[in-house]
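Letters go in sequence order (proteins before strands), and every chain restarts at 1. What you see below is based on every heavy atom in this structure, not just the backbone, and it leaves out hydrogens, waters and symmetry mates.
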Amino acid sequence: MDFTALSETIIKGNMDGAVKETQKALDAGSDPQQILDQGLIAAMDVVGEKFSQGTMFVPQMLRSAKTMQACVALLKPQFQAGTVSSKGKIIMGTVKGDLHDIGKNLVAMMLEGAGFTIVDLGVDVAPEAFVKAVADEAPQILGMSALLSTTMPSMKATIEALKQAGHRDKVKIMIGGAPVTSQFAKEIGADRYAPDAGSAVSEAKGVLAAG
Amino acid sequence: MRQFLSEADIEQIDETGRRILTTVGIRILDKQMLDRLRASGAQVEPADGRARLPDGWIDRQLASAPDRFTLFSRDGQNDLDLGSGQVYFGNGGRAFQILDLATGGFRPTMLRDVANTAALVEQLSHIRFYIIACQAYDLAPDAYHLNDFFHALLHTNKHVMGGVDNLEGARQMVELAEDVAGGNAPLRQRPFVSVMTNPISPLTVDGESIKILEFLTSRGIPVTFAPAPISGATAPATLAGTLAQLHAEALAGAALVQFMSPGTPVMYGSVPMTMDLRTMDLAVGSVETAMLNTCCVALAHRYRLPIYASAGLTDAKQPDIQAGFEKGVSNLLLGRAGADFVHLAAGMLDSGNSISYEQYVIDDEIIGMVERLLRGVTINAETLALECIERVGPGGNYVTEEHTVEHMFSEFFYPKLAVREQYDRWVGRGAPTPLIRAQSVVDEILDEHAHRLDPAAVKGLRSRFPRIVDV
């Protein structure tokens with residue numbers, strides 16, 4: 001089955017067109033996993049490439065991600081429980097004291113577009129809440145975001161709480177946000193640092209490739 | 001924007017300029033022209049060689065000057081509609097040395113620098129016309145303008161302007177351009193070359209300039225006769241006095257052109273400058289130079305003449321902080337003033353003595369910012385975005401809105417050189433400065449650039465003009 005037309009609609013961020021193409025593929029009897037991998041995720045790879053070349057802007061990239069999500073929603077009922085393959089699970093949230101979530105939401109959208117399963121804990125997430133989610137969900141990655149320099153210490157507090165609870169080694173920690181730097185990430189013992197939504201995807205892929 | 005000059009101020013300068021023409025007059029070093037001027041009603045004193053030009057005479061000549069005309073590009077992509085209110089920025093010429101970034105010093109300019117700067121202007125979208133950028137020290141004087149214009153036309157389709165040293169140079173240039181155009185009539189109809197000449201401030205016109213202008217206007221080539229007085233040296237030290245004298249010179253220049261050939265497209269010429277009187281160093285990047293130029297726009301437009309103005313000059317010796325702020329201030333002022341044709345705005349350093357390839361690329365970006373600013377703020381139901389604001393509501397975001405994608409390309413200017421990226425990402429890329437980025441743009445353009453005359457045309461030109469040389 002050829003998914004070129006579907007991919008094109010995703011790359012263009014044409015939501016109506018993409019949903020129609022997805023339905024068409026399902027009606028033609030294509031395997032949902034193939035539609036996901038070869039149609040949707042492959043298109044998002046092209047989008048990521050165009051973005052890093054500077055020929056596509058962030059709003060276009062996110063429009064594509066949003067379009068993809070609409071298609072995934074259509075595919076979901078087709079998968080039997082547990083048969084859909086995910087690139088990995090990521091827990092995300094803005095840290096305690098920080099209510100600024102636009103950046104986190106955009107990163108989540110991009111990661112979802114790249115094939116990850118996202119568990120979004122929302123805003124103002126206390127260290128204990130992060131610890132509980134890690135224990136319950138067993139994600140590969142925990143992502144934390146902060147916009148305010150005053151809430152950055154909450155990142156360190158969360159990492160300490162994970163250590164105390166004995167979960168630090170079970171998960172890789174990725175952080176980001178306007179005031180966050182790679183230097184800060186090193187200082188507090190985070191594993192990965194992503195300055196923007198695009199690099200969040202490549203960092204997350206890097207974590208899984210490293211095993 | 002608050003203007004420097006009120007209507008009453010402009011009137012006073014204009015009156016003073018006209019008074020200068022009536023009482024002091026213009027010294028013209030061409031006896032035939034003086035005789036013709038006398039016959040036409042000017043007062044000519046053989047003793048001092050001056051022509052005193054009364055108000056009636058000036059007005060009679062200027063009546064035939066077009067208030068709107070086009071300087072054409074060869075491919076129609078960058079025609080300059082002068083007098084339309086549009087502002088066009090271009091480079092400047094007659095520099096004699098070029099910054100060599102490898103050594104950090106200057107070297108004399110060569111014919112290849114004419115070719116390369118024409119290629120840069122062709123590719124840099126905000127630089128709208130090309131002025132022969134520099135002297136070519138490897139060219140023999142006898143076929144000088146044949147070659148500098150040929151290599152300019154070979155590398156850019158944009159409008160090409162140049163100065164000519166003498167009548168023979170003017171002939172070479174026009175013959176070449178007529179050959180490229182397919183004759184005088186098509187060139188006259190769509191002139192893609194033009195020439196600037198200059199009187200000698202204060203208030204003097206040399207004989208060769210008269211001959212050059214007579215020849216060019218007889219062939220329908222658009223011109224400007226642009227005084228370049230320097231406050232405190234070749235003009236009074238007050239800005240008002242410099243403006244009054246320049247205005248007299250510029251009006252006389254435009255009127256003389258119309259006297260020679262009524263209807264010739266002519267720009268009111270103005271290249272006022274200042275000096276740093278502490279040392280008598282030229283100060284073309286001074287704020288006063290920018291102010292003088294801005295005021296000249298009002299004077300030219302009072303006569304409904306498009307202006308040949310200047311901006312973007314700097315006294316800095318390299319593409320540095322001083323170059324940036326001096327160029328930024330004057331480009332912005334001249335753009336806001338509505339100057340029609342702004343030359344010297346790209347590629348120049350060192351008080352106009354030197355050029356730099358990298359500076360062309362940097363100036364293209366500065367001009368791009370000014371052009372964006374001149375487009376202004378578009379107000380309508382779509383741009384006010386009420387519907388979009390209602391849809392997103394409190395706490396949402398606009399990044400993923402269709403409205404954003406629809407407007408983001410036209411609403412914002414996207415610089416290629418300015419460093420905007422997040423610090424870590426910038427460091428990760430090797431912390432490139434705007435100058436380093438400009439260097440790679442220069443390399444890209446010069447590597448990929450192709451000729452703008454097809455090989456058959458070039459072959460024909462070379463056989464008909466055997467004195468054309470290679471770079």
Open item on the list: Only heavy atoms, only distances under 4.5 angstrom. Which residues in residues 54-69 of chain A are near chain B?
Closed with: A/F57, A/V58, A/P59, A/Q60, A/L62, A/R63, A/K66
Open item on the list: For A/K156, is the NZ atom crowded, meaning more than 12 foreign heavy atoms sit under 6.0 Å from it?
Closed with: no
TODO: Identify the residues of residues 384-415 of chain B whose heavy atoms come closer than 4.5 Å to a heavy atom of chain A, ordered by number, or report 'none'.
DONE: B/G396, B/N397, B/V399, B/T400, B/E402, B/T404, B/V405, B/M408, B/F409, B/Y414
- [ ] Give every residue pair that meets the side chain to side chain donor-acceptor pair (under 3.5 Å) criterion with at least one member in residues 418-427 of chain B, sequence neighbours excluded.
- [x] A/S182-B/D424, A/Y193-B/Q422, A/Y193-B/D424, A/D196-B/R425, B/E421-B/R429, B/E421-B/R437
Task: Atom group of A/V123 that falls short of 4.5 Å from chain B, counting heavy atoms - done: neither
Task: Within 6.0 angstrom of B/K317 NZ, more than 12 heavy atoms from elsewhere - done: yes
Task: Over 12 non-hydrogen atoms of neighbours within 6.0 angstrom of NZ in A/K12 - done: no
TODO: Considering only heavy atoms, give the residues of residues 92-111 of chain A separated from chain B by less than 4.5 Å, sorted numerically, with 'none' for an empty result.
DONE: A/I102, A/L106, A/M109
